[in-house]
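Everything on this sheet refers to the single structure shown next.
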Amino acid sequence: MKDKKRKLQISGNALVLVIAIVLIVAIFSSINKNFFSYANLINVLVSSVSIGLTAIGMTFLIMIGGVDLSAGAVAAMSGVFIAWALQATSIHWTVLALVTLAGAAVTGLLNALMVIRLRIVPFIATLASQFVWQGAAYLICKGTPIPVKDAGLQAFAKGRIFGNNGIPWIVIMALVFFLIFSYVLTKTKFGRSVFAIGGNGEAARLAGINSNRVKVICYVMTSAFAGLAGIILSGRMNAGNPAANESLQFDAIIAANLAGVSMEGGVGSIPAVILGVCLVQAFNSGLNMAQISPYWQFVARGMLLLASLSIDFFRQRARERKLLADSMRNL
Amino acid sequence: MGNVIEFKNITKYFPGVKALDNISFTAKGGEVLALMGENGAGKSTLLKVLNGDYQQTSGEYLVNGEACRFSSPREAVAAGIGVIYQERQIMLELTVGENVFLGRLPTGFLGKIKMNEVHEKTQRIIDEFGLNMRSTDKVKDLSIAYQQMVEIMKAYGRDNLKMIAFDEPTASLSDAEIESLFRIIRKLKEEGKVVIYVSHRMAEIRQIADRAAIFKDGCYMGDFPLDEITDAQMIQKMVGRELGDVFSTLDREKEIGDVVLEVRNAQSPYLKDASFSVRAGEVVGFSGLVGAGRTETMRAITGADPMTGGEVRLEGRLLRCKTPHDAIKNGIVMVPEDRKLQGIVPRLSVGKNISVGSLDALAGFLGIIDEKRERKIAEDGKRDFNIKTPDLDKAIVELSGGNQQKAIVARWLGTKPKVLILDEPTKGIDVGAKSEFYNMICEFAKQGIAIILISSELPEVIGLSDRILVMRGRRIVGEISAEEATEGSLLAMAMMEEYGYEG
């Protein structure tokens, strides 16, 4: 009986997300008929890949009580770097992609070092690196986007399964990553450690969990995913643009938060994040297609973040109240 | 002068715990009321309710006849309630005057602080208190005792101060400093303030307090004029418990084997000196007051705190634990004192809270957890420890305190330890669950596990241990066999420096 109740609760959260997505699609479809077309919905999915990949890392990171504000800048730098390297060298794009990913991973390692060794709060530490890598992105390309002509990278970023109107490969790749990391989070020692550290860091340490190692992996993972998002965007846009991916980290945080990944740490589920990502991208695309001015788009996204954080707060409070009421009944 | 604080049926729940149970009493101005009781009896919780840190679940308190309910310490301070905690709550970088007037600094044009006025007024209080400091001194340059005085002045500086409470104020003071503190307390008393004084030190209470209000397990045991009650009677009221039967029925037949754990002159930043040994199947009790260094000893041994001196031998082999992980790997496990902060991972399920101690053993290729074995560890734990939960997937925080604690013990027993350290294992759990724990502890000893039992519940230490070590001032100050130990003798060793307590 209790089992049933729990399952219902989980699907309750997912249900709310699905309803929200349906609502958003319905509203924007009524504003712009083209929104609910196959071509556009695929477009929304493609655009959500960057957010989705970053959100996987961000979910782990938020769960251990961290956050990464530098993800967008790392993505931008990675996109610009691979574009520059393709232009400057004749090395195969896959090798350059791996080098770029390794570089992105190093930025994650630096974030982890700042947080763990220098004990800087994650918010500030990654804010600092955001500035550095954003600056680096502009420096690499001297301020102007570098064109990407490499057919291989373009095919990777734009290719589709089942012909020209099929599903884009990168969407499938993102889904595979979601599956893998959902498994990692729920079925491995690493995933379990993430839950424990976020739920109660001191208890986790006293239970013999190597918190620092887990934290390092989470930071490195987030940056590597951001790097991958940057590479894909360069391929898709045919250019490494330092101004792209500007708010990637915020979209990823909103997506995770909407999916019930509590900023308090210790709570989260990867499948729900998929829905959160779809919601955020549908919202962003919808605003664009409704031709709402970019200035108002900023305001709207701010409100979305605020709304998701408020929901987090009320969820938390409802849980605490229920708990106290239970103890009063039982004692 | 008629300052009066009345407590009426104050009850306070925390998730899983009833910390205050229907407390009613009156504290009058012009006398010093000592709150007494064992660790966890509810004294500090009551002070925190009074100063707005906590809100009572039911009941009320009246300050000079007026019902009050403070939602923050700030409101309590504004209403004339001052609580002086052990940890000083002052700004070290500011001057004495700034601290005294913090939160209500007089300002003039454009919000400029009238510093002269601040220092003038503060200096007047300093002189009134007869202290050798200046209002313009920075607090960080003062001694600990004077820093505490600044805190008292901060409360005193408010014209409407009605009540001032001290929570173990002498813990870090020298004798001379205590004397000047008492002088101030007497002055406050003469001015008709309500003075509440929480302390474990019997001699001190005799010196300063007029009446003692005694707490036990969250209940109020009554108050007594100090000249009408002996120390022995007071201790009796603090510890008297109807648990005798529980201990006499325990099955304590077992074989005590070789020395498993040997600790020599262990030191840490929080521990001065501890040497002891524990044999297989032996239960060694650690008695002492909060802050005596019992937990700190264990934290140093297990690598939770850095060990700065001494050595630990496990089965004769030198062992140096840098992290708790090292200790666990070698078979030394600890059930921590603060279940909520250090034990449970609240939102994780009961099952996963149990298995988290065995993750190393459960993780195979690529760190993938063997879910069948994990399930088995959890189910064994639930069965062996009689954890009352409808299912193992329930979040642990939803269980009662006793069942949470059982799950934490199950976590560690699942790792097949050699040394089991239990730090206040029955704190905040109900009597039924307590006796289950007592049986379990005897059972573990029978299995040959070396057990260290830290407990502030004296009958528990006496009833379960083979030997008892007493700590005071961050060192081990005595050892006594369980047969010889009485509640009175243990409390006397722990509380009173030179106090010869007789039977």
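The chains referred to below are lettered A, B, ... by the order of the sequence lines, with proteins before strands, and numbering in each begins at 1.
Comparing Thr11(B), Ile369(B), Val345(B), Leu348(B) by heavy-atom pairs within less than 4.5 Å of chain A, the highest count is held by Ile369(B). For the set Asp360(B), Leu362(B), Thr57(B), the count of heavy-atom pairs under 4.5 angstrom toward chain A peaks at Asp360(B). Interface check for chain A: of the options Ala304(B), Gly357(B), Ala363(B), Ala327(B), the most heavy-atom pairs under 4.5 Å are formed by Ala304(B).
Salt-bridge check for Glu202(A) with Arg299(B): passed, with a basic side-chain N closer than 4.0 Å to an acidic carboxylate O.
Contacts between Glu371(B) and chain A at a heavy-atom distance below 4.5 Å involve the side chain alone, from C-beta outward. Of the atoms belonging to Ser211(A), not a single heavy atom falls under 4.5 Å from chain B. When heavy atoms are compared at a cutoff of 4.5 Å, Ser355(B) approaches chain A solely by way of its side chain, counted from C-beta outward. Both the backbone and the side chain of Leu359(B) come within less than 4.5 Å of a heavy atom in chain A.
Residues Ile209(A) and Val356(B) share a closest heavy-atom pair of CD1-CG2, 3.8 Å. Here the closest non-hydrogen pair linking Gly199(A) and Pro346(B) is O-CD, 3.5 Å. Contact between Ile328(B) and Ala207(A) at its shortest, heavy atoms only, is CD1-C, 3.4 Å.
The environment of Arg119(A) atom CZ is sparse: at most 12 non-hydrogen atoms of other residues, nucleotides or ligands sit within 6.0 angstrom.
Asn200(A) places no side-chain N or O within donor-acceptor distance of the main-chain N or O of Gly343(B), the cut-off being under 3.5 Å.
The distance from the CZ atom of Arg347(B) to the CD atom of Glu264(A) is 6.0 Å, given to the nearest 0.5 Å. Taken to the nearest 0.5 Å, the CZ atom of Arg205(A) stands 13.0 Å off from the NE2 atom of His325(B).
Listed in order of number, the residues of residues 405-422 of chain B that approach chain A to under 4.5 Å between heavy atoms are Arg411(B), Trp412(B).
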